[in-house]
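Here is the structure we will look at.
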Amino acid sequence: MNKKEMRNYLRYALIGMLALPLLTACSDDDEKPTDKMQEGEEFFGKANDVFAAEEWYPGGELGTTEAPSYSDPTPVVLQTEGMETSFNKGEDFFEHSYTLNNEPRKGLGPAWVRSGCIQCHPSYGHGKRQTQYRANDYGNGYLLVVYHPTAGTDADGVNYAANSYIRHVTGMPQTKAMSPFKAPIDENQIIINWKTVESMPSGLPMQFADGEKFELIYPEVTIPQMAFNTLPKPDNYEVRLESTIGIYGTGLLDAIDFDDMKAQYQAEAKAGATLNPAMWDAAANDWAPSAWYKLADGTLGIKKFTYAMTRTSLQDGAGANAIWNITNVTRSDRHYLYSTKQWAKAMSEDDEVISSIMANGNDKSSLLYPYYADGTKEGIKERVNMLLGLNTGADAPTFEEYFVKGAPFNGQEEMSDKDYYDFMVWHRGLAVPAARNLNDADVKRGKTLFMDMGCATCHRPSWKTGKDDYWVDNSIKAYAKSIGKDANEILPKYPGQTIWPYTDMVQHRLFMENDIRTGWCRTTPLWGRGLSLQRTGAEDRLHDCRARNEIEAIMWHFYSKESDAYWCAEKFYKLSKADRDAVVKFLRAI
């Protein structure tokens with residue numbers, strides 16, 4: 001049974017399971033409910049005294065799957081002719097790795113972060129906590145964040161700001177490379193040490209009033225300067241970890257209007273919240289200039305994706321960006337390498353690299369042939385420096401200049417417009433799993449407590465999507481033109497949907513030990529996270545997986561009195577064991 005057949009089997013089986021109690025009730029009105037019915041199946045999709053009927057469908061009617069799955073297509077995909085076929089093809093790009101020289105996923109390298117997507121998103125979910133950094137380890141969703149903690153000037157004489165990424169390696173640093181090139185960072189020298197919090201700054205004991213204890217851990221990451229294969233090597237840097245989150249439902253978040261986001265910011269500012277000045281101008285009560293992101297065609301949008309809120313559109317962020325820069329696979333709108341000048345210079349001056357190309361690059365079938373040039377040491381050095389240094393900087397060569405005779409890829413994109421379109425149908429078409437057990441008394445109690453404690457101040461329960469006039473890049477436009485269709489109508493759309501992601505789409509600060517870069521982190525959506533243990537085998541939470549369960553995640557909100565969420569986490573700290581369990585059960589149900 002293939003994946004599509006399995007999906008249909010589960011879908012129809014679920015429908016049958018939901019219909020069974022109704023058929024039973026019709027045959028015998030006096031029959032007592034079964035245990036299964038008491039657990040909530042006959043209440044699925046119905047309102048009760050705490051939950052509205054629509055809360056069973058967190059992704060709305062167009063974006064929810066009734067199966068407990070992170071990988072299902074949305075009803076939009078299933079209902080649109082031809083779209084499920086594209087979804088299945090796009091899914092194949094997510095689930096299988098790229099290679100250096102073998103079809104059908106050819107084009108990896110010459111340096112990369114991962115060879116594929118699913119390694120970072122195990123079972124389509126959140127990355128798992130790691131004790132070492134190895135790119136090839138399944139479930140390692142970590143991206144290395146290497147940045148300057150203070151302002152200064154680097155060895156090239158370039159000034160940098162505090163909290164800015166170092167220029168020596170790519171923003172998503174690469175730890176793998178095609179031989180004989182050496183990875184920009186030698187991952188064997190990356191050290192992850194997990195530390196245990198001995199006491200909280202507040203001085204309060206790390207146990208609840210009933211005596212139940214909790215533990216908090218956090219990672220310290222070090223990369224010695226010698227691990228960087230760049231010229232020059234960076235200095236004045238620190239390292240943090242950021243793990244991937246679940247990718248289901250991101251199309252629905254893309255459909256939230258910027259005006260509605262602005263209203264949320266204004267409401268929080270009016271309530272006295274401190275907002276990131278990089279996103280919000282408190283004096284003007286409006287977006288800060290740096291909140292706007294300029295897309296490839298000049299279109300401006302408000303940043304909404306990633307922990308750091310660095311991207312504005314799903315078609316220019318998350319998977320759309322990663323399918324290029326994680327694997328270094330080119331396509332028609334990104335026909336250049338994800339690399340840095342500093343790495344290119346280091347490789348061009350590495351005698352081992354140059355000698356290997358001289359010895360093995362003369363054969364036209366060799367992956368090293370593009371770097372062989374005239375076969376002389378100086379010619380190879382010049383070619384390596386040029387080709388590996390091609391990037392999106394102001395001094396990057398034009399399209400024509402890039403594709404000189406013998407250049408990598410010979411002017412042919414490695415991911416076709418059609419393949420990229422299929423990938424984006426899959427990415428935008430991933431459904432949110434339906435909520436579970438919303439008629440359970442503890443789950444209802446948990447939601448009531450969640451709201452009473454004020455958690456919904458940041459974890460805003462619901463949004464209404466707009467018209468979903470999504471932005472599209474040139475690759476999608478090119479494919480749409482080739483089939484004679486409107487580019488703004490060929491991807492899954494989710495207009496007018498009431499969705500329940502439990503996020504305000506705003507950044508806040510928790511002031512944790514070894515905190516995220518800048519300290520500002522977007523409120524992570526909670527929808528579907530309760531299935532993490534079942535789907536991925538782990539339930540690690542927060543940006544670097546430091547929280548191993550919901551209790552630890554909440555207590556990190558309580559770690560410092562400076563935390564934006566301290567006041568509501570303190571209420572959780574004072575709850576009884578039964579009430580704490582009810583809150584956790586609620587979080588696992590939505």
Side-chain angles (χ1 to χ4, degrees), residues 6-7 9-22 33-75 122-126 245-249 252 430-451 455-456 459 461-462 497-503 524-541 549-551 553-554 578-590:
M6 178 62 74
R7 283 198 188 109
Y9 171 79
L10 291 172
R11 193 174 297 127
Y12 296 133
L14 180 61
I15 292 172
M17 289 167 62
L18 295 177
L20 184 59
L22 299 178
T34 65
D35 289 340
K36 210 168 198 178
M37 292 168 63
Q38 289 175 341
E39 289 171 4
E41 284 190 4
E42 84 272 34
F43 300 108
F44 186 90
K46 297 179 181 179
N48 57 43
D49 55 326
V50 173
F51 291 95
E54 60 192 8
E55 292 184 69
W56 291 93
Y57 296 88
E61 293 182 2
L62 299 181
T64 304
T65 174
E66 293 183 357
S69 170
Y70 291 156
S71 61
D72 267 18
T74 62
S123 301
Y124 294 64
H126 194 289
I245 62 174
I247 49 178
Y248 54 86
L252 293 155
L430 282 171
V432 179
R436 302 152 302 283
N437 303 320
L438 299 191
N439 208 57
D440 182 279
D442 289 335
V443 172
K444 290 193 288 184
R445 174 66 177 156
K447 181 186 178 182
T448 300
L449 290 164
F450 183 89
M451 303 301 289
C455 302
H459 287 284
S462 67
Q497 297 297 292
T498 298
I499 61 175
W500 299 78
Y502 282 86
T503 174
T524 299
L526 298 178
W527 57 5
R529 290 300 309 280
L531 290 171
S532 183
L533 185 61
Q534 174 184 337
R535 304 308 306 163
T536 73
E539 50 184 344
D540 303 315
R541 295 182 180 240
N549 50 55
E550 295 87 351
I551 296 292
I554 296 169
D579 282 348
R580 295 196 306 274
D581 289 347
V583 172
V584 170
K585 198 169 184 180
F586 159 71
L587 294 174
R588 294 182 177 181
I590 58 174

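Source: prediction; values computed, not measured.
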Nearest-0.5 Å distance that lies between atom [atom1] in [X] and atom [atom2] in [Y]:
X: Glu539; Y: Arg529; atom1: CD; atom2: CZ; value: 9.0 Å
X: Glu550; Y: Lys585; atom1: CD; atom2: NZ; value: 13.0 Å
X: Gln534; Y: Ser69; atom1: CD; atom2: OG; value: 9.5 Å
X: Thr498; Y: Leu252; atom1: OG1; atom2: CG; value: 11.5 Å

Taking C-beta and beyond as the side chain, do [X] and [Y] meet within less than 4.5 Å on heavy atoms?
X: Pro525; Y: Tyr502; answer: no
X: Leu587; Y: Leu526; answer: yes
X: Arg541; Y: His126; answer: no
X: Asp49; Y: Lys444; answer: yes
X: Pro58; Y: Thr64; answer: yes

How about CD on Glu61, more than 12 heavy atoms from neighbouring residues, nucleotides or ligands closer than 6.0 Å, or not?
no
Between Ile590 and Trp500, does a side chain to side chain contact (heavy atoms under 4.5 Å, CB included) hold up when you go through it step by step?
CA-CA 9 Å; Ile590 58 174; Trp500 299 78; over 6 Å; no
For a quick test of reading the model, state the closest non-hydrogen atom pair linking [X] to [Y] and the distance between them.
X: Ala582; Y: Asp442; value: CB-O, 3.5 Å
X: Ala53; Y: Gly45; value: CB-O, 3.4 Å
X: Ala589; Y: Leu438; value: CB-CD2, 4.1 Å
X: Gly528; Y: Pro433; value: CA-CG, 3.9 Å
X: Tyr248; Y: Tyr124; value: CD2-O, 4.1 Å
X: Thr536; Y: Pro122; value: CG2-O, 3.2 Å

Using side chain to side chain contact (heavy atoms under 4.5 Å, CB included), reason through Asn48 and Phe43 one step at a time and then give a plain yes or no.
CA-CA 9 Å; Asn48 57 43; Phe43 300 108; over 6 Å; no
Under the side chain to side chain contact (heavy atoms under 4.5 Å, CB included) criterion, do Arg588 and Arg436 qualify, and how do the steps go?
CA-CA 8 Å; Arg588 294 182 177 181; Arg436 302 152 302 283; 5.7 Å; no
Partners meeting salt bridge (charged side-chain N to carboxylate O under 4.0 Å, His left out) with Glu55 (sequence neighbours left out):
Lys447
Specify whether Phe450 and Phe586 have parallel, tilted or perpendicular ring planes, treating 30° as the upper limit for parallel and 60° as the lower limit for perpendicular.
tilted
For the pair Phe44 and Trp56, name the ring-plane relationship: parallel under 30°, tilted 30 to 60°, perpendicular over 60°.
tilted
Short side-chain to backbone donor-acceptor contact, Asp440 and Val443, under 3.5 Å:
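Yes.
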Sequence neighbours excluded, which residues qualify as ring-ring contact (aromatic ring centres under 6.0 Å, His included) partners of Phe51?
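Phe51 satisfies ring-ring contact (aromatic ring centres under 6.0 Å, His included) with no residue once adjacent residues are dropped.
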Determine whether Trp527 and Ile499 satisfy the following criterion, side chain to side chain contact (heavy atoms under 4.5 Å, CB included), listing intermediate values before the conclusion.
CA-CA 10 Å; Trp527 57 5; Ile499 61 175; 4.1 Å; yes
